[in-house]
Amino acid sequence: MGEVSERERKIVVAVDEGEESLYALSWCLKNVVFQNSKDTLILLYARPPRPIYTAMDGTGYLFSADIMATLDRYSYDVAEAVVEKAKRLCDHLNNVKVETRVESGDARDVICQVVEKLGAHILVMGSHGYGPIKRAFIGSVSNHCAKSVKCPVLIVKKPKNSSPLSSSSN
């Protein structure tokens, strides 16, 4: 990276449909991103991979191309909605560059790969606060990333009693 000054940081924020990730983003905007810095904020959404059983469902019926196209379109629409919502939270930033990326795949792999590829200076994620049983099955994305990436990882926990974001954003 050579001559990157202290102020030119790449900050990756993992966003998804959950309120936790938007809370983490707004926390990051208040506490991590500096208004007049040369920070670049990269909003990253991992689009879940298409299920393997695309050709047939359990009853042996073939899914039509129409249905597959509809499912794909829906998946892209969700991605776009999440990214737009996240971008709106950043509207008030003046000098900070905001970039968005949508990558397909398992969130754990996607986030780690993008962080490495971009040489990010920090990764910010929300904590979903799954219980021990659910976490045992899905594994914690934030845990996985914290262990795997080389840069510092900031995991922001949403307070239990905090009001929905919509009321606090302008």
Side-chain angles (χ1 to χ4, degrees), residues 1-50 72 74-130 135 138-159 162-170:
M1 275 183 245
E3 74 264 1
V4 173
S5 78
E6 282 285 337
R7 315 298 292 150
E8 294 180 42
R9 302 175 303 167
K10 288 182 188 162
I11 301 166
V12 174
V13 182
V15 294
D16 62 19
E17 298 86 339
E19 237 179 52
E20 293 85 358
S21 76
L22 291 179
Y23 178 83
L25 172 59
S26 57
W27 193 94
C28 170
L29 296 179
K30 286 190 197 90
N31 299 285
V32 180
V33 175
F34 301 115
Q35 269 289 12
N36 302 312
S37 70
K38 297 189 179 78
D39 287 345
T40 300
L41 194 60
I42 297 115
L43 307 174
L44 171 63
Y45 176 74
R47 205 165 69 87
R50 191 199 258 189
D72 273 350
Y74 173 73
S75 172
Y76 281 109
D77 289 349
V78 169
E80 209 168 286
V82 170
V83 167
E84 274 311 305
K85 202 170 182 183
K87 248 170 62 184
R88 274 201 302 276
L89 281 180
C90 306
D91 279 349
H92 66 285
L93 298 175
N94 300 326
N95 298 326
V96 178
K97 287 199 287 285
V98 179
E99 296 173 5
T100 58
R101 289 184 73 134
V102 174
E103 302 275 346
S104 262
D106 183 297
R108 280 169 282 221
D109 303 329
V110 165
I111 294 167
C112 294
Q113 282 160 11
V114 169
V115 164
E116 292 304 316
K117 197 167 20 176
L118 296 178
H121 295 82
I122 187 166
L123 167 63
V124 179
M125 313 180 72
S127 169
H128 279 280
Y130 295 134
R135 195 167 40 246
I138 21 185
S140 161
V141 175
S142 50
N143 258 3
H144 175 84
C145 294
K147 282 195 218 113
S148 305
V149 301
K150 295 185 183 82
C151 68
V153 179
L154 181 59
I155 298 169
V156 180
K157 288 191 170 180
K158 183 174 179 288
S162 76
S163 62
L165 276 172
S166 50
S167 61
S168 64
S169 61
N170 300 338

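Throughout, residue positions are numbered sequentially from 1 according to the sequence presented.
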Can you check whether [X] reaches [Y] side chain to side chain, under 4.5 Å on heavy atoms?
{"X": "Leu44", "Y": "Val15", "result": "no"}
{"X": "Leu25", "Y": "Cys90", "result": "yes"}
{"X": "Trp27", "Y": "Val124", "result": "no"}
{"X": "Val98", "Y": "Leu43", "result": "yes"}

Distance-minimising heavy-atom pair for [X] and [Y]:
{"X": "Val102", "Y": "Ala79", "result": "CG1-CB, 3.9 Å"}
{"X": "Val33", "Y": "Arg9", "result": "CA-NH2, 4.2 Å"}
{"X": "Val110", "Y": "Ser104", "result": "CG2-O, 3.6 Å"}

Give a yes or no on whether the backbone of [Y] and the side-chain of [X] come within a donor-acceptor separation of less than 3.5 Å.
{"X": "Ser148", "Y": "Cys145", "answer": "no"}
{"X": "Lys10", "Y": "Gly119", "answer": "no"}
{"X": "His121", "Y": "Ile11", "answer": "no"}

Nearest-0.5 Å distance, [atom1] of residue [X] to [atom2] of residue [Y]:
{"X": "His144", "Y": "Ile111", "atom1": "NE2", "atom2": "CD1", "answer": "9.0 Å"}
{"X": "Leu93", "Y": "Asp39", "atom1": "CG", "atom2": "CG", "answer": "9.5 Å"}
{"X": "Lys117", "Y": "Cys112", "atom1": "NZ", "atom2": "SG", "answer": "13.0 Å"}
{"X": "Gln113", "Y": "Leu118", "atom1": "CD", "atom2": "CG", "answer": "11.5 Å"}

Does [X] have any side-chain contact (heavy atoms from CB on, under 4.5 Å) partners at least two apart in sequence or in another chain, and if so, which?
{"X": "Glu84", "answer": "Lys87, Arg88"}
{"X": "Cys151", "answer": "Val115, Leu123, Val149"}
{"X": "Glu99", "answer": "Thr40, Ile42"}

Do Tyr45 and Glu17 have side-chain atoms, one donor and one acceptor, less than 3.5 Å apart?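 Side-chain D/A pair, Tyr45 to Glu17: present.
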Report the residue from Ser140, Ser142, Ser21 that forms a side chain to side chain contact (heavy atoms under 4.5 Å, CB included) with Met125.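 So the option named by the test is Ser142.
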Pairing of Arg47 and Glu103 as salt bridge, 4.0 angstrom limit: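 Salt bridge absent between Arg47 and Glu103.
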